[in-house]
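For reference, the structure discussed in these notes is given below.
Source: prediction; values computed, not measured. Within every chain, numbering begins at 1; the chains are lettered A, B, ... in the order of the sequence lines, protein sequences first and strands thereafter.
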Number of protein chains: 2
Amino acid sequence: MATLNRPGAPDGHVCGIDMAMEVIGGKWKVLILWALHEQPFRRFGELRRLLPGITEKVLASHLRELEADGIVHRVSYDEVPPRVEYSLTDDGRRLNDALQPLAAWGRERSIAHGMEERAG
Amino acid sequence: MATLNRPGAPDGHVCGIDMAMEVIGGKWKVLILWALHEQPFRRFGELRRLLPGITEKVLASHLRELEADGIVHRVSYDEVPPRVEYSLTDDGRRLNDALQPLAAWGRERSIAHGMEERAG
DNA sequence: CCGTATCCAAAGCGATACTG
DNA sequence: CAGTATCGCTTTGGATACGG
């Protein structure tokens, strides 16, 4: 024992968190999850509008990675103009649920820091 | 509504997760938290041994960032040879607690993937 | 023992232009 | 509408050597 789960560690898989971090590690990924969990599905342009500042390249690549990781489901309709719908898989919904305590921690923290600023 | 909490978004601070991600975003940070939560404190060299593959530079800089973020507490004893003890702050313990559902999700996932490999 | 200093490689991200 | 292609920058992390 006594080592954590990095590749090369004698007895890895102790805490499981870095597996999760690899999935949500991209700069915008948790925000994509959040945007998807509010609705049954979202279209590409809709996500782009919900994430001001993201580029098409980054949105597309993050969506492809989340799809490869089984977090996001993609349905492409063969129409003109094109229509593509993104949604969370069951595992994606579980991931999003598991993220909620972390979100709550972040919110508490931003409130506390806001109070500091007003006090200081 | 309808936008998330990136800088520049009209009504940020909706989900709070990216604030948390900024704190735990470094490659080894969640592992450092995990290593610290098991004991009241850990010494520098102890952490280095617990995290096989991490370099001294990265460990030191991650610890300094976590300290600046109020997650880790550092106590330096003026002795020869030097002794420094790192521990979680209260906020660090809360963060670690908030990480547990994510860790559970990651463990379930690695189990599921292991079964796939043995089946395929 | 507990770090810092320096340099380098790789990844990630952003800007822009273009396509089916 | 929903992407892909290309390029360059910035950030991050790794290797190694050295210092209090």
Side-chain angles (χ1 to χ4, degrees), chain A residues 4-9 17-18 20-33 35-36 39 41-69 72-87, chain B residues 4-9 18 20-33 35-36 39 41-69 71-87:
Chain A
L4 275 19
N5 53 349
R6 278 285 164 211
I17 274 196
D18 58 346
M21 292 302 294
E22 282 173 24
V23 172
I24 60 171
K27 182 172 179 185
W28 299 85
K29 284 190 184 174
V30 294
L31 265 5
I32 292 174
L33 289 200
L36 287 175
Q39 298 285 334
F41 59 84
R42 298 269 196 200
R43 300 181 59 173
F44 187 88
E46 205 174 352
L47 288 170
R48 191 180 40 194
R49 278 188 299 279
L50 288 168
L51 275 14
I54 198 172
T55 63
E56 296 178 332
K57 175 197 161 188
V58 171
L59 177 55
S61 72
H62 279 191
L63 284 169
R64 268 188 269 111
E65 288 170 14
L66 289 169
E67 194 190 357
D69 285 332
V72 158
H73 183 57
R74 191 191 110 118
V75 180
S76 171
Y77 297 89
D78 208 351
E79 301 173 358
V80 177
R83 179 164 59 107
V84 177
E85 292 175 354
Y86 293 93
S87 56
Chain B
L4 274 21
N5 55 348
R6 277 285 162 210
D18 58 347
M21 291 302 295
E22 281 172 27
V23 173
I24 59 171
K27 183 171 180 184
W28 299 84
K29 286 191 182 172
V30 294
L31 265 4
I32 292 175
L33 289 199
L36 287 175
Q39 299 284 336
F41 59 83
R42 298 270 196 200
R43 298 183 59 175
F44 187 88
E46 205 173 354
L47 288 170
R48 192 180 38 193
R49 279 188 298 279
L50 287 167
L51 273 17
I54 199 171
T55 63
E56 294 176 335
K57 175 198 162 189
V58 170
L59 177 55
S61 71
H62 279 192
L63 284 170
R64 270 187 269 110
E65 288 169 15
L66 289 169
E67 194 189 358
D69 285 332
I71 305 303
V72 159
H73 184 57
R74 192 190 109 117
V75 180
S76 172
Y77 298 89
D78 209 349
E79 303 173 356
V80 178
R83 179 166 58 108
V84 177
E85 293 175 352
Y86 293 94
S87 56

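- No side-chain heavy atom of B:V84 sits less than 4.5 Å from a side-chain heavy atom of B:V75.
- For B:K27 and D:dT12, the NZ to C1' distance is 9 Å, given to the nearest whole Å.
- Rounded to a whole Å, the CG atom of B:L63 is 13 Å from the P atom of D:dG13.
- For the pair B:R83 and B:Y77, the cation sits on the ring face: its NZ or CZ lies under 6.0 Å from the ring centre, inside 45° of the axis.
- Between A:R42 atom CZ and D:dC1 atom P the separation is 16 Å, expressed in whole Å.
- A:L51 places its CG atom 16 Å from the C1' atom of D:dG3, with the value rounded to the nearest Å.
- Heavy-atom nearest nucleotides on DNA chain C were determined for A:E56 and for A:G25, and the one closer to the 5' end corresponds to A:G25.
- Between the C1' atom of C:dC1 and the CG atom of B:L47 lies a distance of 13 Å, rounded to the nearest Å.
- Considering only side-chain N and O atoms, A:H62 lies under 4.0 angstrom from the phosphate OP1 or OP2 of C:dC13.
- Contact detail for A:L59 and A:R48: the closest heavy-atom pair is CD2-N, 3.8 Å.
- OP1 and OP2 of C:dG3 both lie 4.0 Å or more from every side-chain N or O belonging to B:R83.
- When the P atom of D:dT4 is taken as reference, atom CG of A:L59 falls 10 Å away, rounded to whole Å.
- The side chain of A:R74 lies closest to D:dG3, out of C:dG3, D:dG3, D:dG14.
- Between B:R43 and the phosphate of C:dC2, there is a side-chain N or O to OP1/OP2 separation shorter than 4.0 Å.
- Along DNA chain C, the nucleotide nearest A:P82 and the nucleotide nearest A:I54 are compared for position; the residue whose nucleotide lies closer to the 5' end is A:I54.
- For the pair A:E46 (side chain) and A:R43 (backbone), a donor-acceptor distance under 3.5 Å is present.
- One donor-acceptor pair, N or O on each side, does fall under 3.5 Å between the base of C:dG14 and the side chain of A:K57.
- The separation between A:E85 atom CD and D:dA2 atom P is 9 Å, rounded to whole Å.
- A salt bridge links B:E65 to B:K29: at least one charged side-chain nitrogen sits closer than 4.0 Å to a carboxylate oxygen.
- Contact annotation for A:R48: no contact, since no heavy-atom pair falls under 4.0 Å across all strands.
- Distance, B:E22 CD to D:dT11 P: 13 Å, rounded to whole Å.
- Between C:dG3, D:dT6, D:dA2, one nucleotide has an atom nearer to the side chain of B:Y86 than all others, and that is C:dG3.
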